[in-house]
Amino acid sequence: MRLDQLSGIVAFVKVAEAKSFTRAAAQLGVAPASLSEAVKGLEERLGVRLLNRTTRSVGLTEAGAQYLDHVRPAAENIRAAGAALREARDRPAGTLRLSLPWIAAPLLIEPLMRPFMDAYPEVRLSLIFDDSFVDIAAEGFDAGLRIGELLDKDMIGARLGGPLQMVVVGSPDYLARNGTPKRPADLAAHRCIAFALTRAISPWEFIVEGREVAFTPDACLVANTLPLCITAAAQGLGLAFAVEGLAAPLLASGALVKVLEPFCPAYEPLHLYYPSRRLVPPKLRAFIDFVRANAHKLRI
């Protein structure tokens, strides 16, 4: 079936029900001439006259009545589907599928998961955590979350929270035993706990005299999850380089302390990214607005 045949079927059903091209056109919001052309084109493709037209009335032919019996249920289903979509377009509902880095779990999802789902009970969350870059369109995600500076150029980004402050942290016990580094170069003499997304350890980045300086530690422990690196530091195994928000509870309790603060940079904020500004699904718009409204409660 060709697309123009489908529009002709919808036009035919509407005219048959209204028994008038003028009334049907008014209900559909189109010109009567356009409706007439659509029905005429359908008749020509079928090779059968469906409607008898006079200057005063429109009626079904025998073939038209038979055809209407067959196509009316499908036309009604199409109209019902459109009505359902229009009804739901302003109501957040359905499954919101998000691709997220692991740091989003403690920073964003855990604090807001319950209040968001309480506020929007018709939205189901499907959260897939993966620190690698994901083609959200190809993988069927509504949106992804990444650090802003790493966004693909063809994506729309919605900023969530402020810059991510980096810190070097260690336990008071470790620092008492091994001393406190004063400059990034001093880290070479310390046990370090490193994050590695793959086999390569992620360098620790610092600002020294206005220049970016990278330090790749000879780590005593390597993990692909920052929360574990922070926990290891709190247990006195060494120093860790992490997002301050992740370490905030242990810093507040005194289990960890910050070192090298003047040299630690701030990274771009987290951004939710998605492929288009046009017709953003209500469930996604609700999530973006909810996170922004509650950003003051988060450690981002």
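Side chains included, hydrogens not; waters and symmetry mates left out as well; all remaining heavy atoms used.
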Trainee: Would you mind reporting whether His271 and Leu145 have side-chain heavy atoms less than 4.5 Å apart?
Mentor: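 With C-beta onward as the side chain, the pair stays apart.
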
Trainee: Just so I know, are the side chains of Arg146 and Pro101 near enough to count as touching, which here means a heavy-atom distance under 4.5 Å?
Mentor: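 The answer is yes; the side chains approach within 4.5 Å.
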
Trainee: At what distance, to the nearest 0.5 angstrom, does CZ of Arg292 lie from CG of Asn294?
Mentor: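 It is 13.0 Å, given to the nearest 0.5 Å.
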
Trainee: Checking the side chain of Arg53 only, and the main-chain atoms of Val58 only, is there a donor and an acceptor separated by less than 3.5 Å?
Mentor: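 Flag not set: sc Arg53 to bb Val58 has no pair under 3.5 Å.
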
Trainee: Shortest non-hydrogen contact from Tyr273 to Val134?
Mentor: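 Tyr273 and Val134 have their closest heavy atoms at OH-O, 3.5 Å.
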
Trainee: Decide yes or no for Ile136 and Pro275: does some side-chain heavy atom of the first lie under 4.5 Å from some side-chain heavy atom of the second?
Mentor: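 SC-SC contact between Ile136 and Pro275 confirmed.
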
Trainee: Over all heavy atoms of both residues, which pair between Arg49 and Ala63 is shortest? Give the atoms and the distance, please.
Mentor: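 Nearest pair, atom of Arg49 first, then Ala63: O-CB, 4.1 Å.
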
Trainee: When you group the ILVMFWY residues by side-chain heavy-atom contacts below 4.5 Å and let the links chain together, are Val168 and Ile193 in the same group?
Mentor: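 No, because Ile193 and Val168 fall into different hydrophobic clusters, even though each may have its own neighbours under 4.5 Å.
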
Trainee: Compile the donor-acceptor pairs under 3.5 Å between side chains in residues 219-238 and protein atoms, sequence neighbours left out, one pair per line.
Mentor:
unit_1, atom_1, unit_2, atom_2, d
Thr231, OG1, Pro227, O, 3.0

Trainee: For Gln27 and Lys14, what are the C-alpha separation, side-chain angles and deciding distance, and is it a side chain to side chain contact (heavy atoms under 4.5 Å, CB included)?
Mentor: CA-CA 9 Å; Gln27 292 170 11; Lys14 199 66 178 177; 2.8 Å; yes

Trainee: Look at Glu261 together with Lys258 and state whether they make a salt bridge at an N to O cut-off of under 4.0 Å.
Mentor: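 Looking at Lys258 together with Glu261, the answer is yes, because their closest N to O distance falls below 4.0 Å.
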
Trainee: Less than 4.5 Å apart, any side-chain heavy atom of Phe241 and any of Leu260?
Mentor: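 The answer is no, as the side chains (C-beta and beyond) never meet within the 4.5 Å cut-off.
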
Trainee: Got a sec, which residues hit side chain to side chain contact (heavy atoms under 4.5 Å, CB included) with Val257, two or more places apart in sequence or on another chain?
Mentor: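 Here the qualifying residues are Pro172, Leu175.
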
Trainee: Does anything in residues 13-64 pair up under ring-ring contact (aromatic ring centres under 6.0 Å, His included), and if so which pairs, sequence neighbours excluded?
Mentor: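 Matches after skipping sequence neighbours: none remain.
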
Trainee: In a table with atom names and distances, give each donor-acceptor pair under 3.5 Å that connects a side chain of residues 199-216 to protein atoms at least two apart or in another chain.
Mentor:
unit_1, atom_1, unit_2, atom_2, d
Glu205, OE1, Tyr267, OH, 2.8

Trainee: Taking the side chain as everything from C-beta on, heavy atoms only, tell me whether Glu43 gets closer than 4.5 Å to Val48.
Mentor: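 No, too far: nothing below the 4.5 Å cut-off.
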
Trainee: Could you check whether any side-chain heavy atom of Leu35 comes within less than 4.5 Å of a side-chain heavy atom of Val15, counting everything from C-beta outward?
Mentor: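 Yes, close enough: below the 4.5 Å cut-off.
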
Trainee: Flag the pair Leu42 / Ile9 as yes when at least one side-chain heavy-atom distance between them is below 4.5 Å, and no otherwise.
Mentor: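 Heavy-atom side-chain distance check passes, below 4.5 Å.
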
Trainee: If I take atom CG from residue Leu51 and atom NZ from residue Lys19, how far apart are they, to the nearest 0.5 angstrom?
Mentor: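 Answer for the CG-NZ pair, Leu51 versus Lys19, is 11.0 Å.
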
Trainee: Name all residues meeting the ring pair (Phe, Tyr, Trp, His ring centres under 6.0 Å) criterion together with Tyr174; count only those two or more places apart in sequence or in a different chain, and write none if there are none.
Mentor: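 Per chain and number, Tyr174 pairs via ring pair (Phe, Tyr, Trp, His ring centres under 6.0 Å) with His190.
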
Trainee: Working note: Arg97 + Glu139, criterion salt bridge (charged side-chain N to carboxylate O under 4.0 Å, His left out); need CA distance, chi angles, decisive distance, verdict.
Mentor: CA-CA 10 Å; Arg97 193 162 186 261; Glu139 298 296 329; 5.9 Å; no

Trainee: With side chain to side chain contact (heavy atoms under 4.5 Å, CB included) as the test, would you mind laying out the steps for Asp130 and Trp102 before giving the verdict?
Mentor: CA-CA 6 Å; Asp130 186 345; Trp102 279 103; 5.9 Å; no

Trainee: For a ring-ring contact (aromatic ring centres under 6.0 Å, His included) check, start with the C-alpha distance between Tyr274 and Phe141, then their side-chain angles and the critical distance, and finish with the verdict.
Mentor: CA-CA 9 Å; Tyr274 48 96; Phe141 289 99; over 10 Å; no

Trainee: Does the side chain to side chain contact (heavy atoms under 4.5 Å, CB included) test come out yes or no for Ile128 and Leu98, once each step is laid out?
Mentor: CA-CA 6 Å; Ile128 309 301; Leu98 303 176; over 6 Å; no

Trainee: Quick check: does any side chain N or O of Asp289 sit under 3.5 Å from a backbone N or O of Ala286, one acting as donor and the other as acceptor?
Mentor: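 No.
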
Trainee: Enumerate, atom names and distances included, each donor-acceptor pair closer than 3.5 Å involving a side-chain atom of residues 104-126, sequence neighbours excluded.
Mentor:
unit_1, atom_1, unit_2, atom_2, d
Arg114, NE, Asp118, OD1, 3.2
Arg114, NE, Asp118, OD2, 2.8
Glu122, OE1, Arg91, NE, 3.1
Glu122, OE2, Arg91, NE, 3.2
Arg124, NE, Thr95, OG1, 3.2
Arg124, NH2, Thr95, OG1, 3.2

Trainee: Please indicate whether His296 has more than 12 foreign heavy atoms, meaning atoms of other residues, nucleotides or ligands, lying under 6.0 Å from its NE2.
Mentor: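 More than 12 within 6.0 Å, yes.
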
Trainee: For the pair Thr61 (side chain) and Asn52 (backbone), establish whether a donor and an acceptor sit closer than 3.5 Å, ignoring hydrogens and angles.
Mentor: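 Checking the backbone N and O of Asn52 against the side chain of Thr61, no donor-acceptor pair under 3.5 Å is found.
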
Trainee: When you measure from the side chain of Arg159 to the backbone of Gly161, do you find a donor-acceptor pair of N or O atoms at a distance under 3.5 Å?
Mentor: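 Yes, because the side chain of Arg159 sits within donor-acceptor range (under 3.5 Å) of the backbone of Gly161.
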
Trainee: With side chain to side chain contact (heavy atoms under 4.5 Å, CB included) as the test, would you mind laying out the steps for Tyr67 and Val13 before giving the verdict?
Mentor: CA-CA 9 Å; Tyr67 191 65; Val13 172; over 6 Å; no

Trainee: When rounded to the nearest 0.5 angstrom, what distance separates CG in Asp218 from SG in Cys192?
Mentor: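 Interatomic distance, Asp218 CG to Cys192 SG, rounded to 0.5 Å: 8.5 Å.
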
Trainee: Any side-chain heavy atom of Ile288 within less than 4.5 Å of one from Arg285?
Mentor: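 Side-chain contact under 4.5 Å: yes.
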
Trainee: To the nearest 0.5 angstrom, please state how far the CG atom of Asp142 sits from the OG atom of Ser99.
Mentor: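 Answer rounded to 0.5 Å: 11.5 Å.
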
